[in-house]
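Here's the structure, in structure tokens; my notes come after.
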Number of protein chains: 2
Amino acid sequence: MATLETISSIDTAPRHPIRLVANRTGLTVDLIRAWEKRYHVVEPARSDTKRRLYSDYDIERLRLIRIAKQNGRRLVDVAPMSLEALRDVVSEDSRFDAAQDNPAEVYRPSWSNPLESTDTQDAVDAMLFAIQTMDQHRFDQLLQEGLVKQALPAYLETVIGPLLREIGESTRLGKLRIAHEHMATAHLRTFIGALRFRETFTGSEPKIVITTPTGQLHELGALMIAALVSVDGWLPVYLGPNTPADEIAACAMQSGARAVSLSMTYPADDPRIPTELTRLRSQLDQKIPMFVGGSAAAHHQELIGRLGLQSPSSLNGLRQSLNELRDRGFRLQSA
Amino acid sequence: MATLETISSIDTAPRHPIRLVANRTGLTVDLIRAWEKRYHVVEPARSDTKRRLYSDYDIERLRLIRIAKQNGRRLVDVAPMSLEALRDVVSEDSRFDAAQDNPAEVYRPSWSNPLESTDTQDAVDAMLFAIQTMDQHRFDQLLQEGLVKQALPAYLETVIGPLLREIGESTRLGKLRIAHEHMATAHLRTFIGALRFRETFTGSEPKIVITTPTGQLHELGALMIAALVSVDGWLPVYLGPNTPADEIAACAMQSGARAVSLSMTYPADDPRIPTELTRLRSQLDQKIPMFVGGSAAAHHQELIGRLGLQSPSSLNGLRQSLNELRDRGFRLQSA
DNA sequence: TTTGTCTGGACAAAAGTGGGACAACATTGC
DNA sequence: GCAATGTTGTCCCACTTTTGTCCAGACAAA
């Protein structure tokens, strides 16, 4: 039974080119070579033409060293360490980081509680009050009520959207606790998700892949879009948040989607966004339009223009574009 | 489970001209020919006049190779690979790319493994098939149907749990793409979330805070617990995934919860877990029991014992503990 | 006739290699 | 506080290997 030894061991077979190592570790090719030259951080095997060939073990080492550096360690110190020592160092550092948290604060409601919600601002305020008082039942009730008063698209644009913004802003300012935000987000996830099933399904709807790119962990924007487009006779293929470009492309192909929509909110300047969008655009059939929305889209105007993506300025704009696309599709099919 | 292998087989009938292949894969015509000449990447059949005729299989190969190249692989390395090997390589790469935050949702409850009757195994297989073919409507239908046949607690334990495990495993093995897993996870999030609203609400239920600790991003285990306990007359205060210890404590205090339940699955050895659990236990009223479950709980036995946490070995065990707690509470209140 | 594909080869761009330079920054010694 | 020294990421060069594009002339398809 060699299991105990072998389980945790990492493959030391050399097979990965330097470019792949750079992709996986987030280091640059130059840097990997420089580290090797100076400190022998890793000593990769070579191909018969002197190309470096790295093992999984090497990659893990580099990854850990990078994290150690981010935690403030010096390269000279960590370079000669064994994998185990590196793991220890890294986990010790992150343990320390986790310890510094924000202090608890006294809770005091900062919104009044408008019982009769006349206009949308009142509706949002009432919901914020319910969130702050952790009154889940009331929150659900308000969400349901609002939906009765307005059609879904208007409701999403005038109530849910502003509500999300207020929640984010209030949490940032400390008016809401993270716990409140979490509870509200979880409820909204359930609520908006359930909306999609209200529409009947005929099987002939055009499909649209909806998700967020790698690094974007907030899914509510995308989920709102899924709910919205299902009203207009699209069938959303909803993938949740954080989907790699390759997977989005493959999904669009397999499902035969006619469009792709991405939502980006936070972090707005994630360096992976340009790469991912470019990759997706290049892998996707040119006839399939890509829509990008969300607050972070504004930070990538140039890229969006260069890649020829569509970036509607509002949910309504998105609806209109999709309606046109759908109708154009119908004409094509019948012609 | 031969189904999963067979349905993914690809047509090898040669019929596509090179131009179409170029359009579909995003490669140029010249490049496809060059790859063939130099590395025999694909060896298409020929028409009677020597025109190349590609099969769907060839196209898939070329598509995968293109993606592998974008991931940093060298053409020489990937050219001789089989389709399966290519799939492995590509899915491995996109999993470990600098993205590296989204390893397959491997939900392996430490607390279940009943003998799986053929009935439920069939149900799971049917769902897996729907997922693989991206038949969302069918998947929803199957989820709903299953719920009619069994009571919710049994359904969660015998169908949903095993399904999650199979999805995780299949994705790891490359039988499912990450996109499939994402779609399935998103649907399950919606489905399980909606279950909580089936129960009527009297306002007198004891509350239980349910979430996952910092670093644990997979929420389905926690959400299942929320659905489960609402059947037994608890009101879940559900916070979604990744909640810091301080926030959980504050939430328990504000809502007046009688218990806290945490789900931990991946990563099992996150160094933040001990810190967070210790912190939470110390901030929480000693009279409030903490339940921890999920596959990662097994990695922290010693800690769980030291802190005096409860770690039921099955969903049923959790139910029983909570029922006792609830009834004890009633006696206390009426006394 | 016009357009597209085929073969084989030529050529050029991209990417990798070893070596070194250099600026920004941190640390040390005084 | 300041200068000297050490650390580290980035860039440049000359050269090799790998990979993408282009061309010419023959033939096939529309």
Review item, side-chain donor-acceptor pairs of residues 72-80 of chain A, under 3.5 Å, at least two apart:
unit_1  : atom_1 : unit_2  : atom_2 : d
A:Arg73 : NE     : A:Asp93 : OD2    : 3.1
A:Arg73 : NH2    : A:Asp93 : OD1    : 2.9
A:Arg74 : NE     : A:Asp77 : OD2    : 3.3

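- Every side chain to side chain donor-acceptor pair (under 3.5 Å) that A:Glu302 has, sequence neighbours left out, goes to A:Arg306.
- Every residue meeting the side chain to side chain donor-acceptor pair (under 3.5 Å) condition with A:Ser55, not counting sequence neighbours, appears here in chain and number order: A:Asp58.
- The separation between A:Leu20 atom CG and C:dA15 atom C1' is 15 Å, rounded to whole Å.
- Between the CG atom of B:Leu53 and the C1' atom of C:dG4 there is a distance of 14 Å, rounded to whole Å.
- Atom P of nucleotide D:dT21 and atom CD1 of B:Ile32 are separated by 11 Å, given to the nearest angstrom.
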Report task. Report, as a single string ordered 5' to 3', how protein heavy atoms within less than 4.0 Å touch nucleotides 6-13 of chain D: B base, S sugar-phosphate only, - not at all. Result -> -SBBBB--
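- Taking atom CZ on B:Arg46 and atom P on C:dC6, their separation rounds to 6 Å, with Å as the unit.
- In this view, A:Ala268 and A:Ala296, A:His299 satisfy the side chain to side chain contact (heavy atoms under 4.5 Å, CB included) rule, not counting sequence neighbours.
- Under the salt bridge (charged side-chain N to carboxylate O under 4.0 Å, His left out) criterion, B:Arg66 pairs with no residue, sequence neighbours left out.
- End-to-end axis angle of the helix from C:dT1-D:dA30 to C:dC30-D:dG1, from C1' rotation axes over five pairs per end: 50° (rounded to 10 degrees).
- Every residue two or more places apart in sequence or in another chain that forms a side chain to side chain donor-acceptor pair (under 3.5 Å) with B:Thr49 is listed here: B:Ser47.
- In terms of phosphate contacts, A:Arg33 brings no side-chain nitrogen or oxygen within less than 4.0 Å of OP1 or OP2 of C:dG16.
- Remark: B:Arg63 engages B:Glu60 in a side chain to side chain donor-acceptor pair (under 3.5 Å) (not counting sequence neighbours).
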For nucleotides 26-30 of chain D, which of its nitrogen or oxygen atoms have a protein nitrogen or oxygen under 3.5 Å away, and what is each distance?
unit_1 : atom_1 : unit_2  : atom_2 : d
D:dA28 : O4'    : B:Arg51 : NH2    : 3.4
D:dA28 : O3'    : B:Thr49 : OG1    : 3.2
D:dA29 : OP1    : B:Thr49 : OG1    : 3.0

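- Evaluation of the side chain to side chain contact (heavy atoms under 4.5 Å, CB included) rule for A:Ala252 yields A:Val209, A:Ala257, A:Val260, A:Leu284 as partners, not counting sequence neighbours.
- Among the heavy atoms of the strands lying under 4.0 Å from A:Arg52 are primed sugar atoms or P, OP1, OP2 only; no base atom is included.
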Distance-only criterion, 3.5 Å: show the donor-acceptor pairs between side-chain atoms of residues 36-44 of chain A and protein atoms not counting sequence neighbours.
unit_1  : atom_1 : unit_2  : atom_2 : d
A:Glu36 : OE1    : A:Arg52 : NE     : 2.7
A:His40 : ND1    : A:Glu43 : OE2    : 3.0

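- With hydrogens and angles disregarded, a donor-acceptor distance shorter than 3.5 Å links the side chain of A:Thr211 to the backbone of A:Gly240.
- Judged by distance alone, the side chains of A:His16 and A:Asp56 do bring a donor and an acceptor atom under 3.5 Å apart.
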